[in-house]
Amino acid sequence: MMIESKLVPAIQAIHTLIIYARMISGDSEQQNLPKLLDEMDHLVNLMLSESDETDSFESALKEIADQFTYCNKALDEFNQK
């Protein structure tokens, strides 16, 4: 679960990660795709948790942004509100 004000930013962030995954699926970074998809799955599980996982979501998103430069945009989208 997420605090309500972070639901839309979380979905926007995951959408950005999906776009990045699509971009790298056909280029030299393709070997990173399974790791990114695993991270995205973890984010969705945090959103669906019964307890408030907003801080955990943000921490996981920061780790993704550290690993994948383009994904900083997803972190920025999450933190916009």
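Only a predicted model underlies this, so the values are computations on that prediction, with no experimental measurement involved.
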| query | If you round to the nearest 0.5 Å, how far is CD1 of I11 from NE2 of H15? | reply | 11.0 Å

| field | Separation between OG1 of T54 and CZ of F78, rounded to the nearest 0.5 Å | value | 6.0 Å

| query | Is it the case that one hydrophobic cluster holds both M40 and L48, taking links as side-chain heavy atoms less than 4.5 Å apart, direct or via other members? | reply | yes

| Measuring from E58:CD to M2:CE, what's the distance to the nearest 0.5 Å? | 9.0 Å

| remark: Looking only at heavy atoms, the pair that brings Q80 and E77 closest together is CG-O, 3.0 Å

| remark: S5 and P9 have their tightest heavy-atom pair at O-CD, 3.5 Å

| request: Nearest 0.5 Å please: distance from the CG atom of L46 over to the CE atom of M1. | output: 12.0 Å

| Whether K62 side chain and L75 backbone form a donor-acceptor pair below 3.5 Å | no

| field | Inter-residue atom distance I14.CD1 - I19.CD1, 0.5 Å rounding | value | 12.5 Å

| said: Run L43 and I64 through side chain to side chain contact (heavy atoms under 4.5 Å, CB included) and show every step you take. | reply: CA-CA 10 Å; L43 292 176; I64 294 169; 3.7 Å; yes

| task | Heavy atoms only: give me the nearest A13-A74 pair and the separation to one decimal. | result | CB-O, 3.4 Å

| Are more than 12 heavy atoms from other residues, nucleotides or ligands located less than 6.0 Å from atom CD of Q31? | yes

| task | For Q30 and I24, indicate whether the former's side chain and the latter's backbone hold a donor-acceptor pair under 3.5 Å. | result | no

| Would you call the rings of Y70 and Y20 parallel, tilted or perpendicular, where under 30° means parallel and over 60° means perpendicular? | parallel

| query | Can N79 and L61 be said to form a side chain to side chain contact (heavy atoms under 4.5 Å, CB included), step by step? | reply | CA-CA 10 Å; N79 287 323; L61 196 54; over 6 Å; no

| query | Taking the side chain from T16 and the backbone from Q12, do they hold a donor-acceptor pair closer than 3.5 Å? | reply | yes

| field | Chi angles and distances behind the side chain to side chain contact (heavy atoms under 4.5 Å, CB included) call for Q67, N32 | value | CA-CA 10 Å; Q67 294 174 31; N32 293 326; over 6 Å; no

| note | The reported gap from NE2 in H42 to CZ in F57 (rounded to nearest 0.5 angstrom) is 9.5 Å

